[in-house]
A.B. asks: 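Just dropping this structure here.
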There are 2 protein chains.
Amino acid sequence: MSSRARSKPAVRPGGRSARVQQAVHAAVRELEAEQGRGALTVPAIAARAGVTPSTIYRRWGDLHELLSDVAVERLRPESPPEDHGDLRADLSAWATQFLDEMGSATGRAYLRDALLGDPDGSNAGQCSAYAAGQIEVILDRARRRGEAVPGVETVMDRVVAPMTYRILFRPDGLSPQYADDLARSVLPPAP
Amino acid sequence: MSSRARSKPAVRPGGRSARVQQAVHAAVRELEAEQGRGALTVPAIAARAGVTPSTIYRRWGDLHELLSDVAVERLRPESPPEDHGDLRADLSAWATQFLDEMGSATGRAYLRDALLGDPDGSNAGQCSAYAAGQIEVILDRARRRGEAVPGVETVMDRVVAPMTYRILFRPDGLSPQYADDLARSVLPPAP
DNA sequence: CGCGTTAAAGCTAAGTGTTTGCGTTAGTGA
DNA sequence: TCACTAACGCAAACACTTAGCTTTAACGCG
């Protein structure tokens, strides 16, 4: 039976529900920052957030789904990618920054969390959509400048996917140079 | 304190240790096949394997690390890739089969398990090494035939990574055609 | 603006999984 | 063969999870 927890807990958006969700998310971030991952248990998070454990279990199902939610929130880009004036520079800068952030120990942990507690794949899908969104902004700008641009899917396959794969499966030996090489590989050959 | 469980439990390869490991792995596979993932708890696995739960906790640390070990074992290729006579056919066949196996619900689950209970990344690295190994066999054969071949890393970046990324992050809309397209993309342009 | 409705939270107790210390067993090497 | 020790079994203490029931507070309607 029973009780599949909803991955998108926004069931009653306003009021108490929202406050609880906010408090719980904040508690996760604070506890992790202060005491590390080992301290992240549902009872500890609940105590910190001022709610009872059963509230968390009912809304999120288990610890991993909660962490997955928090991870996705943290992986959401805070601002559109910087504009450097041309596609090559934009893509290269974005890829370099992506690899730097996601390739760090904490970035990798968020990526894994997002994948981990994600029965239906919607959280992972969200992460991917974030990246695709950022890339679309970059490509749109270039298109408006009159540059020749690759498709979003091409960039996902040739830039985002290789970086993400290596971050998850072969975390050693990643360099900004690698990100840059990938970014260049989707551009038309230099003049 | 404490006891980091070893991911490679082969500490005393012969005798009892080996028997216990085998029994536990078998118990995981049987229980999953018979009753589904929900039934996979450490006490249940222990009972099935005829050991005590504490044995499992001590050797593997927790359920996820055990599942990760089992997943890696299942992801190990059983035989070298088929030989179809030329690089294009070999790569295409391998990619298609990879996507078919890993893109299925169970394949995706193994991939996720492998990543999930893997504190130091060695299990994920093993998965990647399996794929790289298969590809090297294919490339070696082609090289021996006198064909022009791309580097292994290129194939990992352009074929394995995109498929794996999509399996994990965007499991919808994957087709054999996609695998084939990726395989072709690393080959020199057709004559 | 108060009132009924109901989703969501609180509380608590029972159930289940995890950890740990200590004694025992069985590989391993001299 | 014997001593040594890693790994296992056992059982009790501990922590986490689940479920039933009660209470609270958004929300919508008269």
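Below, all heavy atoms of this structure are taken into account, side chains as well, without hydrogens, waters or symmetry copies. Owing to the predicted nature of the structure, the values given are computational and were not obtained by experimental measurement.
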A.B. asks: Nearest to the side chain of R19(A), which nucleotide is it out of dA26(D), dG21(C), dA9(C)?
C.D. replies: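 Among dA26(D), dG21(C), dA9(C), the one nearest the side chain of R19(A) is dA26(D).
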
A.B. asks: Nearest to the side chain of S54(A), which nucleotide is it out of dA11(D), dA9(C), dC11(C)?
C.D. replies: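 Looking only at heavy atoms from C-beta outward on S54(A), the closest nucleotide is dC11(C).
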
A.B. asks: dT18(D) C1' sits how many Å from D62(A) CG, rounded?
C.D. replies: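 It works out to 13 Å between those atoms.
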
A.B. asks: Would you kindly give the CG-to-P distance between L63(B) and dA15(D), to the nearest whole Å?
C.D. replies: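 That distance rounds to 21 Å.
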
A.B. asks: Taking the inter-plane angle between the rings of H64(A) and H64(B) on a 0 to 90° scale, is it parallel (under 30°), tilted (30 to 60°) or perpendicular (over 60°)?
C.D. replies: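 Plane angle over 60°, so perpendicular.
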
A.B. asks: Between V20(A) and T41(B), just flag the one whose closest nucleotide in DNA chain C comes earlier from the 5' side.
C.D. replies: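 First, find each residue's nearest nucleotide; the 5'-ward one identifies V20(A).
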
A.B. asks: Same cluster for V137(A) and V159(A) if Ile/Leu/Val/Met/Phe/Trp/Tyr side chains link at under 4.5 Å?
C.D. replies: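 No.
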
A.B. asks: Counting side-chain heavy atoms from C-beta on, which of dG10(C), dC8(D), dA8(C) comes nearest to R59(B)?
C.D. replies: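 The nucleotide sitting nearest to the side chain is dC8(D).
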
A.B. asks: Does a nitrogen or oxygen in the side chain of T52(B) sit under 4.0 Å from OP1 or OP2 of dG9(D)?
C.D. replies: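 Indeed, a polar side-chain atom of T52(B) lies that close.
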
A.B. asks: How long is the line joining CD1 of I56(A) and C1' of dA15(D), in whole Å?
C.D. replies: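 Going from CD1 in I56(A) over to C1' in dA15(D) covers 15 Å.
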
A.B. asks: Counting side-chain heavy atoms from C-beta on, which of dG27(C), dA7(C), dC11(C) comes nearest to R16(B)?
C.D. replies: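 Given the options dG27(C), dA7(C), dC11(C), the side chain of R16(B) is closest to dG27(C).
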
A.B. asks: I need the E101(A) CD to I167(A) CD1 distance, nearest 0.5 Å.
C.D. replies: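 Answer rounded to 0.5 Å: 10.0 Å.
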
A.B. asks: Salt bridge (charged side-chain N to carboxylate O under 4.0 Å, His left out) with D157(A): which residues, sequence neighbours excluded?
C.D. replies: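 So D157(A) forms a salt bridge (charged side-chain N to carboxylate O under 4.0 Å, His left out) with R166(B).
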
A.B. asks: Under 4.0 Å between a side-chain N/O of T55(B) and OP1 or OP2 of dG9(D), yes or no?
C.D. replies: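 It does, given that an N or O in the side chain of T55(B) lies less than 4.0 Å from OP1 or OP2 of dG9(D).
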
A.B. asks: Separation of R58(A) atom CZ from dC21(D) atom P, in whole Å?
C.D. replies: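 Taking atom P of dC21(D) as the reference, CZ of R58(A) is at 12 Å.
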
